[in-house]
Protein chains: 2
Amino acid sequence: MADVFKALADPTRRAILDGLTENEEQTLFEICSRLYAKHQLSSSRQAISQHVDVLEEAGLVETSRRGRYKIHRINTAPLQPIVDRWLIPTHTTPPDQEEPR
Amino acid sequence: MADVFKALADPTRRAILDGLTENEEQTLFEICSRLYAKHQLSSSRQAISQHVDVLEEAGLVETSRRGRYKIHRINTAPLQPIVDRWLIPTHTTPPDQEEPR
DNA sequence: ACATTACGCAAGTGACTGATTGCATGTCAA
DNA sequence: TTGACATGCAATCAGTCACTTGCGTAATGT
């Protein structure tokens, strides 16, 4: 839950999600080249890979292996709680579901 | 726009927003004591103040002065673009509205 | 007036983050 | 099998972040 927000905190990761909404089923290199084409983002492959890992841990990106390729898909499900939490104020005793540092 | 995500990245700041949905019009000390009561969060006043500043810059919290008190209110408007961006995929040429580092 | 209350400003510190670098692993084609 | 391709793993480093510390300012109460 908390990971979702941290994942969204980085502009590069948000750009990756944008790219994945345009076209499902992308490999790592497709993500890289798309970032460069659309956002003039010249991040290295390793950097993008680490960003993808973060998105994956947050559940925003799901992956599967296809031969030597790693296929990435977006999953917007983890975003729904954001809406439920503040955009639709329930005014019934709100969550005590987090333990900050 | 980008500040909204950074603002939401911290659990303490999210707890502050939770508190503000429970009760509009809170002073800084009210926010502090509410954080401690609900989340056992014993952050200092200065720490909370800095968090509020971040939320304010992101537009998620609006303030006004009333004597020596600073009144805080939540503003969920900046959260709407999040929904529009990924939860309701438009599939019309998506945004090129950010310039990452 | 004077102390108290509520908050602001700014420097310093430890921890985390994003990016780079170098090498390793696994897959496929010729 | 050998080389090219797609990705994984891990250490390192500069920049950022959250928090503390200490002092300052303005409003209120007695």
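Ranking dC7(C), dA6(D), dG18(C) by closeness to the Arg45(B) side chain, first place goes to dC7(C). Closest to the side chain of Gln46(B), from the set dG8(D), dC17(D), dC9(C), is dC9(C). Which of dA19(C), dA18(D), dA6(D) sits closest to the side chain of Ala47(A) comes down to dA19(C).
Here Lys70(A) reaches the OP1 or OP2 of dG8(D): one of its side-chain N or O atoms lies under 4.0 Å away.
If you measure from atom CD of Gln50(B) to atom P of dC17(D), you get 12 Å, rounded to the nearest angstrom. Protein atom NE2 of His51(B) is 17 Å distant from nucleotide atom C1' of dC7(C), rounded to whole Å.
Side-chain atoms of Arg34(A) do not come within 3.5 Å of backbone N or O of Glu22(A) as any donor-acceptor pair. Side-chain atoms of Gln26(A) come within 3.5 Å of backbone atoms of Asn23(A) as a donor-acceptor pair (strictly under, hydrogens ignored).
Heavy atoms of Arg65(A) sit under 4.0 angstrom from primed sugar atoms or phosphate atoms, though from no base atom. Counting non-hydrogen atoms under 4.0 angstrom, Arg13(A) reaches the backbone sugars and phosphates but no base. Here Ser43(A) lies out of heavy-atom contact (under 4.0 Å) with every strand.
Mapping Glu30(A) and Ser44(B) onto DNA chain D via the closest heavy atom, the residue that lands nearer the 5' end is Glu30(A).
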